[in-house]
There are 2 protein chains.
Amino acid sequence: MVAERAGTSIATVSLVVNGKDRGRVSAPIASRVRDAVDELGYVVDHAASSLARGTGDLVVLIAPDLSNPFFAEVIRGVRDTLGDRYQLVLSVTERGAQPSTADLRRFERLRPAGILVDAPAAGESLDASVPVVLLDAPDAPESAVTVDYDLSPGIDELVAHLREQGHEHVVYLDGTARVATFGIRHRMFDGACAAAGITVSELGARADLTVDAAAAATEHAIEAWHEDGVTAVVAAADTLAYGVLRVAGAMGLRVPEDLAVAGFDDLPSSSVTAPALTSVALPGAELGRAAALRLLAALDGTAVEPVALPARLVRRASTGG
Amino acid sequence: MVAERAGTSIATVSLVVNGKDRGRVSAPIASRVRDAVDELGYVVDHAASSLARGTGDLVVLIAPDLSNPFFAEVIRGVRDTLGDRYQLVLSVTERGAQPSTADLRRFERLRPAGILVDAPAAGESLDASVPVVLLDAPDAPESAVTVDYDLSPGIDELVAHLREQGHEHVVYLDGTARVATFGIRHRMFDGACAAAGITVSELGARADLTVDAAAAATEHAIEAWHEDGVTAVVAAADTLAYGVLRVAGAMGLRVPEDLAVAGFDDLPSSSVTAPALTSVALPGAELGRAAALRLLAALDGTAVEPVALPARLVRRASTGG
DNA sequence: CTGAAAGCGCTTACAG
DNA sequence: CTGAAAGCGCTTACAG
């Protein structure tokens, strides 16, 4: 520990550096230490520090592949809320994979202060030796600390809107990811359609969460959809809906006259697609913010109550909205 | 170290766990240790391990705000190349800020094996006590290990294409970020226009890298652009171009007839905008892959040569392409 | 082939 | 108010 050049002991330096010097170290010595620290550009070693105290100041956020810009929003929300008492690091899973218990284990080694897991794989236990908060994990056990969306207002609005526009037979384009929230979106959508007197085609397809994959799936199915009398397709994510739009455009179909399209997420780019996309808005930054607040509370030992952020519909041209 | 329940010493366990047991530990003991490890779910403590050996297996990638989906591609490239000998963690700067030397310092504490810095702030020294490779840092000093784009083919194609389409007076919409690559895009574009006999309007604007900010900047300037006789706008990034498209659409301008638009990056969503966007494609995943390879080489002590990935133009409807 | 011991750079009771 | 010492969980020469 180089900074003992201040002419004092290692212990005293540690106290000053960690701001625990109030009433323990005299002012002149403390400032002498601070000067030495500045001059030498000293910075406490994270490994040694977290070994000694058993835990560090890292917060790790485990998220699925970032190609969905939705996660960028979540991350921003977490970042902005965490402040600089904690250092946020991110880990992304492999493309198409969801965060799992194995990922959690890998990061427990780092002795983080806490772990945030976004859109975890369904049916994982996801417990750890440090505080964990789960984002967008509607199937999590009661005991888990979670932050979720309340999808029903958004989905109800969407289905009511489709009904108003005269749609009676629609199809659902699902994601392939094994995430609970996708299952719920699908089920709630089916339920809302049944209640509204809209039938959902048996010809539902699924695709990876990329524009290309969705376009391929759409190309494969669109003929059959047409023959089945489908007039609207609802996609589990905006990126999927983009693929539908691309294929419809390439085939010369008019949206929404020949085929209406809607998605989930309301990504920033959804206002500039051709045509602009109707979408169930899922406020990512707010999800991140709420999750970070709950982690902070858990770290402070404060009680936390469950959160469900309401989703709402954003109507745009792709459904004649 | 719980795993000494295998009935052997701590040192032996350490050897086995780290795979350094060849010719040092007998087979029966080694397998007894491995069984114990499995049973107890033991996992070596990262802090203690990196303290003891002076460095860990973490690779940190410092990137600017992820709202630009371009970075998701870069990250994917890095991830896929790094393999599982190293553990990748990401850090993102605050919105609008570029990675700086201060960020590097904050992560040196973690004793990573190496650090990757994407789109660093211009004019920073960015040296560290561990191997560092810079991505998209065309102004970096000679001594730095870097992976860059060679923009000239893409920009030359873009300008030639605009010329072919009859444009003679265009405007440039720059980003506000203090990143070297933006400066270079702008300069190269100006140079190519001059060479091709296209004049660049004095009314160039700049905006944060978001659709909203670009839309606001465009709204503010578009009237003046029109009076100035501008027929095309080239934006420093696709996200900026989306903002231009949105405003043009809202004003009832036809793209490209009334105003042509082009960007940089070729994001996945650029094929589905209204109209589809012409863009200088910057392959993000390849940038990430190249950077990871160079870091791996540096860690192995292998020599590495500079890399510059060529950019190329993707013509779409927004320029009549 | 195996184990006892030192040391990585800190933090935190505990004496003085 | 200040310092000497133990200990955090590992790794790695070094003896045996």
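Order of the sequence lines sets the chain letters (A, B, ...), proteins ahead of strands, with each chain counted from 1. No hydrogens, no waters, no symmetry mates; every other heavy atom, side chains included, goes into these values.
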If only side-chain N and O atoms of B:K20 are considered, is one of them under 4.0 Å from the OP1 or OP2 phosphate oxygen of D:dT12? yes
Quick one: list whatever passes side-chain hydrogen bond (donor to acceptor under 3.5 Å, both in side chains) with B:D139, sequence neighbours left out. none
Whole-Å gap separating P (C:dT12) and CG (A:L51): 13 Å
Between CZ of A:R109 and C1' of D:dC10 the distance, given in whole Å, is 13 Å
Could you work out, with salt bridge (Lys or Arg N to Asp or Glu O under 4.0 Å) as the rule, every residue matching B:E39, not counting sequence neighbours? none
Output the rounded distance in Å from CG (B:D45) to P (D:dC10). 5 Å
Determine, for B:R106 against B:D103, whether the closest basic-nitrogen to carboxylate-oxygen distance falls under 4.0 angstrom. yes
Residues at least two apart in sequence or cross-chain that pass side-chain hydrogen bond (donor to acceptor under 3.5 Å, both in side chains) with A:R111, listed by chain then number, are B:D45
Does D:dC10 have OP1 or OP2 under 4.0 Å away from a side-chain N or O of B:S49? no
Separation of D:dC8 P from A:I10 CD1 (nearest whole Å): 18 Å
Would you indicate which nucleotide in D:dG9, D:dC10, D:dT12 comes nearest to any side-chain atom of B:R53? D:dT12
Separation of C:dC10 atom P from A:R111 atom CZ, nearest Å, is 16 Å
Which pair of heavy atoms, one from B:A113 and one from B:T55, lies closest together, and at what distance? CA-OG1, 3.9 Å
For A:D21, the salt bridge (Lys or Arg N to Asp or Glu O under 4.0 Å) test, sequence neighbours excluded, returns A:R34
Quick one: A:N18 CG to C:dG9 C1', roughly how many Å, whole number? 13 Å
Side chain to side chain donor-acceptor pair (under 3.5 Å) contacts touching residues 114-135 of chain B (sequence neighbours left out): B:T101-B:E124, B:E108-B:S129, B:S125-B:D127
Protein N or O to nucleotides 1-4 of chain C N or O, pairs below 3.5 Å:
unit_1: C:dC1; atom_1: OP2; unit_2: B:G23; atom_2: O; d: 2.7
unit_1: C:dT2; atom_1: OP1; unit_2: B:S26; atom_2: OG; d: 3.0
unit_1: C:dT2; atom_1: OP2; unit_2: B:S26; atom_2: N; d: 2.7
unit_1: C:dT2; atom_1: OP2; unit_2: B:S26; atom_2: OG; d: 3.3
unit_1: C:dG3; atom_1: OP2; unit_2: B:T8; atom_2: OG1; d: 2.9
unit_1: C:dG3; atom_1: OP2; unit_2: B:S9; atom_2: N; d: 3.4
unit_1: C:dG3; atom_1: OP2; unit_2: B:T12; atom_2: OG1; d: 3.3

With sequence neighbours excluded, give me every side chain to side chain donor-acceptor pair (under 3.5 Å) pair touching residues 141-150 of chain B. B:D150-B:S152
Kindly write out the residues that satisfy side-chain hydrogen bond (donor to acceptor under 3.5 Å, both in side chains) with A:R289, not counting sequence neighbours, or none if the list is empty. none
Taking Watson-Crick and G-U wobble pairs with both distances under 3.5 Å, convert DNA chain D into its dot-bracket string, 5' to 3', dots for unpaired and | for cross-strand pairs. |||.||||||||.|||
